[in-house]
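First the structure, in the form of structure tokens, and then the observations on it.
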Amino acid sequence: MNKIKMTTPLVEMDGDEMTRILWKMIKDELILPFVDLKSEYYDLGLPEREKTKDKVTFDSAYATQKYGVAVKCATITPNKQRVEEYNLTEMWKSPNGTIRAILDGTVFRAPIIIDSIKPVVKNWKKPITIARHAYGDVYKASEFRIEGEGKAEIVFTDKDGKETRETIYDFECPGVLQGQYNKDTSIRSFAHSCFKYAIDTKQDLWFSTKDTISKKYDQTFKLIFQEIYENEYKAKFEELGIEYFYTLIDDAVARVIRSEGGYIWACKNYDGDVMSDMVSTAFGSLAMMTSVLVSPDGKYEYEAAHGTVTRHYYKYLKGEETSTNPMATIFAWSGALRKRGEMDGLNDLVDFANKLEAACIKTLDDGIMTKDLVGLVSEGFKATAVNSADFIKAIRERLESALA
């Protein structure tokens with residue numbers, strides 16, 4: 001068959017460990033045989049980030065601004081153990097945090113649902129989409145270890161040189177200190193993205209923070225959301241019969257567990273990180289979650305919403321067989337190719353992306369699964385566990401049939 005043509009490159013960000021192995025398998029089996037792939041490649045694997053002093057991460061984000069669509073593999077955010085393991089000169093910050101800060105977008109994450117796996121929360125009937133703010137907070141924080149007694153302060157110096165100070169704590173013993181920030185412009189972008197996405201998908205929008213404790217930081221999020229809703233989106237929400245409401249994060253968690261799903265839950269950066277893992281796991285697996293970063297000016301970065309599957313990678317290095325679920329990474333590719341096709345008016349590329357996702361779902365519905373899913377299958381369904389390579393090959397068979 002003739003390969004599907006592309007006119008504009010998408011940005012390809014390679015990653016680390018087992019997901020890097022899956023990345024190549026997916027390209028070789030499911031993309032390159034069918035698509036004349038145009039991509040601008042960036043290696044965000046930890047060795048290359050060390051070699052370039054993390055410049056490659058910044059370059060990939062700027063390329064995304066240029067081309068408008070990116071697809072990203074899972075990457076390592078190093079801790080102390082990783083610094084020693086990879087002989088790093090610095091504990092490089094989260095690549096996702098860097099990219100999100102540059103694009104100033106919102107991450108929308110939703111579970112991939114199949115008939116044979118019912119959510120752990122039995123009353124969940126519809127997908128729950130997490131809208132995660134993708135700028136600042138702990139991901140861009142400055143922090144250091146305090147080795148003894150002393151006073152910690154926040155100091156702000158305005159453009160005229162005037163200082164404002166506030167004591168954080170008088171340390172009487174060793175401890176740790178962290179300073180994080182956010183800015184009104186990014187919070188406004190976050191709010192607009194959430195309201196627009198709710199209107200586009202005709203879903204209720206929930207927003208939650210902890211403003212009773214964080215009376216300035218979190219309350220700023222709450223007030224900006226409310227102002228924008230009242231002034232720009234309330235009438236449209238009422239016209240569509242959808243609802244926006246704010247509640248405390250702890251109340252939101254209780255409401256989510258009792259709900260049937262079918263709404264967007266907007267969260268600050270860290271809350272969204274944790275809650276998207278909770279939602280995806282309750283629906284089936286961390287690997288059964290789509291994730292896309294959307295910037296206010298219409299740039300898109302698709303990614304897998306999970307880690308690099310280190311345990312499986314160490315098994316792979318020993319030559320042992322692994323059954324790692326590639327669904328989130330495949331859907332990152334399909335999402336990016338679909339968006340590239342939509343932006344460039346390439347219907348064949350959009351159709352290919354749709355058929356790739358359908359082939360994945362059909363493979364799972366046929367009972368061919370990776371080990372993480374087999375134990376979750378509901379009574380009355382049969383499933384067989386296969387390794388990663390055989391799972392991808394089974395998807396390819398169904399994709400070829402769909403494209404024939």
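The pair Lys393-Glu397 does not meet the salt-bridge criterion, since no charged nitrogen lies less than 4.0 angstrom from a carboxylate oxygen. We find that Lys371 and Glu321 are not joined by a salt bridge, their nearest charged nitrogen and carboxylate oxygen being 4.0 Å or further apart. Using a 4.0 Å cut-off between charged side-chain N and carboxylate O, Glu153 and Arg165 make a salt bridge. Under the 4.0 Å criterion applied to side-chain N and carboxylate O atoms, Asp184 and Arg188 are not assigned as salt-bridge partners. At a threshold of 4.0 Å, the pair Asp28-Lys24 counts as salt-bridged, since one of the basic side-chain nitrogens sits closer than that to a carboxylate oxygen. Ionic pairing of Lys183 and Asp104 is not present here: no N-O contact between side-chain nitrogen and carboxylate oxygen is shorter than 4.0 angstrom. Here Lys196 does not pair with Glu232 in a salt bridge; the nearest charged N to carboxylate O distance is not below 4.0 Å. A salt bridge does not link Asp170 to Lys151: none of the charged nitrogens lies less than 4.0 Å from a carboxylate oxygen. With respect to Lys38 and Asp36, no salt bridge is recorded, no charged nitrogen being found less than 4.0 Å from a carboxylate O.
Under the 3.5 Å distance criterion, with hydrogens and angles disregarded, a donor-acceptor pair is assigned to the side chains of Arg338 and Asn354. Judged by distance alone, the side chains of Arg82 and Thr310 do bring a donor and an acceptor atom under 3.5 Å apart.
Under the 6.0 Å cut-off for aromatic ring centres, Phe195 and Tyr244 qualify, their centroids lying closer than that. Note: Tyr302 and Phe108 fail the aromatic proximity criterion, with ring centroids not under 6.0 Å apart. A distance of 6.0 Å or more separates the ring centres of Tyr246 and Tyr229.
Residue pairs that meet the salt bridge (charged side-chain N to carboxylate O under 4.0 Å, His left out) test with at least one member in residues 259-272, sequence neighbours left out, are Asp218-Lys268.
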- [ ] Determine, step by step, whether Leu364 and Met327 satisfy the side-chain contact (heavy atoms from CB on, under 4.5 Å) criterion, reporting the C-alpha distance in whole Å, the side-chain angles of both residues, the deciding distance to 0.1 Å, and the verdict.
- [x] CA-CA 10 Å; Leu364 294 172; Met327 284 286 289; 3.6 Å; yes
Open item on the list: Using side-chain contact (heavy atoms from CB on, under 4.5 Å), reason through Arg340 and Val35 one step at a time and then give a plain yes or no.
Closed with: CA-CA 12 Å; Arg340 183 79 278 163; Val35 178; over 6 Å; no
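Every residue two or more places apart in sequence or in another chain was checked for a side chain to side chain donor-acceptor pair (under 3.5 Å) with Lys51, and none qualifies. By the side chain to side chain contact (heavy atoms under 4.5 Å, CB included) test, Leu240 pairs with Ile199, Lys202, Lys236, Ile242, sequence neighbours left out.
Counting heavy atoms from C-beta outward, Met275 and Val253 have side chains that approach closer than 4.5 Å.
By the 30° and 60° cut-offs, the orientation of the rings of Tyr316 relative to Tyr313 is parallel.
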